[in-house]
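In what follows, a structure is listed as structure tokens, so that the remarks can point back to it.
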2 protein chains.
Amino acid sequence: MSYGTEHLAARLKAAREAKRLSQRELSALAGVPQSHISKIENNAVDLRVSSLSSIAHALDLELMLVPRKALPAIQSIVRSVSSAPVINAATQREIDRIREKVDALASHASSASIDNLQRRIREITQIPSQLDPDILQKVRRTLESIESSGSNEAVNRAVENIRSLRNQLAHRASSQETPRAPRPAYRLEEDQDG
Amino acid sequence: MSYGTEHLAARLKAAREAKRLSQRELSALAGVPQSHISKIENNAVDLRVSSLSSIAHALDLELMLVPRKALPAIQSIVRSVSSAPVINAATQREIDRIREKVDALASHASSASIDNLQRRIREITQIPSQLDPDILQKVRRTLESIESSGSNEAVNRAVENIRSLRNQLAHRASSQETPRAPRPAYRLEEDQDG
DNA sequence: CCGTGTGATATAGAAAAGTAGATCAAATGA
DNA sequence: TCATTTGATCTACTTTTCTATATCACACGG
């Protein structure tokens, strides 16, 4: 099932997650069955332009045909426009350090647990709430303990760590705002996919 | 047959014409039947993303999902990148004046002949050859004679006029270059579509 | 006027998308 | 522990693309 359009599927999924919508919610917005959205995100269908378009619109995205040679410039613009929300410098720096650690860990020895960890980290950086640098520092320390011990146990502990943090943040965010108010687009994560 | 994707169809057609490819030639490049390309350009199908993608690639275009709020900036980039080829200032000015005339004519009284005229004008500005300002001036004079007389006869004479000019240019161009050498992308015309 | 190239159209059939709807295991929160 | 929500995955059915191929009217140049 390769249609040469894998990046589109990934892009849609990333955009949906950045908006913190479930597939069913997006389904309602776009008028497309949840089962179909699942297939689309997993690149299991060669979808029609109308489907792509309606889903994209529900995610505040626009389908465009751009000249090859304009690609770099455009990608740069997209990056700058859909970057992470206001966040203070210390927090951003802490996030960057964590990402480095995780990437290092991943390149050293890839495993399902580490993939999981990477996903969690990405999720966290997409949460609109202001992140507490102290908490992030704690996360980093956990990561560093993994580096020294190298045990899979430690990785799983870190994942658990981050997951509960994420849940806290998500909860805090949803209780502060209108249940499903459209939020601005946050980091779309395609710049650290590979 | 409205799929909310009319602009894509128009874009593909414009891109193909800017490259001076026939539907059959594009068909060969993209691996899609000419009959299908015709339907696509006429917005008679809700095509699949893989089809759109392969045709786009054959035309040096890339399919992208861009954030709504990045649209203006991106469109500006696209315009600047896919602008008309080197052409001297006098010629460009003459072309602009002709376009104005035709637009005025079109808004005054629309007819099939005038639509035809508009298309011809657009075609001419896409031809890679250097246009002779003198010839263009002659075209404008013809247009002005239409303005005063208002006869449909005159319009048709102008169309004939321009058509032969176009054929001359096309012929000159194709005899100068490798039969179907890939040419740089010229003006994509979507900025004066409506 | 005649041959060629153009885009639009038709036919028939194979392949796939798309629909509504149910179910499932896993994660989560209470 | 229990109910809910998540995404993935089925079924059965309809609709449509897409392909290959041929034909059409028309514009064009020789």
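The chains referred to below are lettered A, B, ... by the order of the sequence lines, with proteins before strands, and numbering in each begins at 1.
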Handout entry: B/Arg11 side, atom CZ; B/Leu52 side, atom CG - distance, nearest 0.5 Å
Key = 11.0 Å

Problem - Which residues share a side chain to side chain donor-acceptor pair (under 3.5 Å) with B/Arg16, sequence neighbours left out - result: B/Glu41

Handout entry: Residues forming a side chain to side chain contact (heavy atoms under 4.5 Å, CB included) with A/Ser54, sequence neighbours excluded
Key = A/Val32

Completion exercise
Residues B/Val45 and B/Ile40: closest non-hydrogen pair is CG2-CG1, 3.6 Å

Completion exercise
B/Asn43 CG to C/dG7 P, in whole Å, measures 18 Å

Handout entry: Distance in angstrom units between A/Gln23 CD and D/dG7 P, rounded
Key = 5 Å

Fill in the blank from the handout: note: A/Lys13, atom NZ; D/dT6, atom P; distance rounded to Å ~ 14 Å

Fill in the blank from the handout: Note: B/Ile55 and B/Ala30 closest approach over all heavy atoms is CA-CB, 3.9 Å

Exercise for the section: Specify the separation, in whole Å, of atom CZ of B/Arg24 and atom C1' of C/dT4. Expected result: 11 Å

Exercise for the section: Taking the side chain as every heavy atom from C-beta outward, state whether A/Leu63 and B/Leu65 have any pair of such atoms under 4.5 Å apart. Expected result: yes

Problem - Atom pair distance, as rounded to whole Å: CG in B/Asn42 and C1' in C/dA10 - result: 15 Å

Problem - Whole angstrom value for the distance that separates P of D/dT9 from CD of A/Glu41 - result: 12 Å

Completion exercise
Sorted by chain and number, sequence neighbours left out, side chain to side chain donor-acceptor pair (under 3.5 Å) with B/Ser50 holds for A/Asp46

Handout entry: From A/Asn42 atom CG to A/Lys13 atom NZ, the distance as rounded to the nearest 0.5 Å
Key = 6.0 Å

Problem - Separation of C/dT6 P from B/Leu21 CG (nearest whole Å) - result: 10 Å

Handout entry: Residue-level proximity of residues 27-40 of chain A to DNA chain D when a heavy atom falls under 4.0 Å
Key = A/Gln34, A/Ser35, A/Ser38

Exercise for the section: Could you identify which residues of residues 46-55 of chain B place a heavy atom less than 4.0 Å from some atom of DNA chain D, listed by residue number, or say none? Expected result: B/Asp46, B/Leu47, B/Arg48, B/Ser51

Exercise for the section: Considering just the side-chain nitrogens and oxygens of A/Ser22, establish if one lies under 4.0 Å of OP1 or OP2 belonging to D/dT6. Expected result: yes

Problem - Residues in side chain to side chain donor-acceptor pair (under 3.5 Å) contact with B/Arg68, at least two apart in sequence or another chain - result: A/Glu62

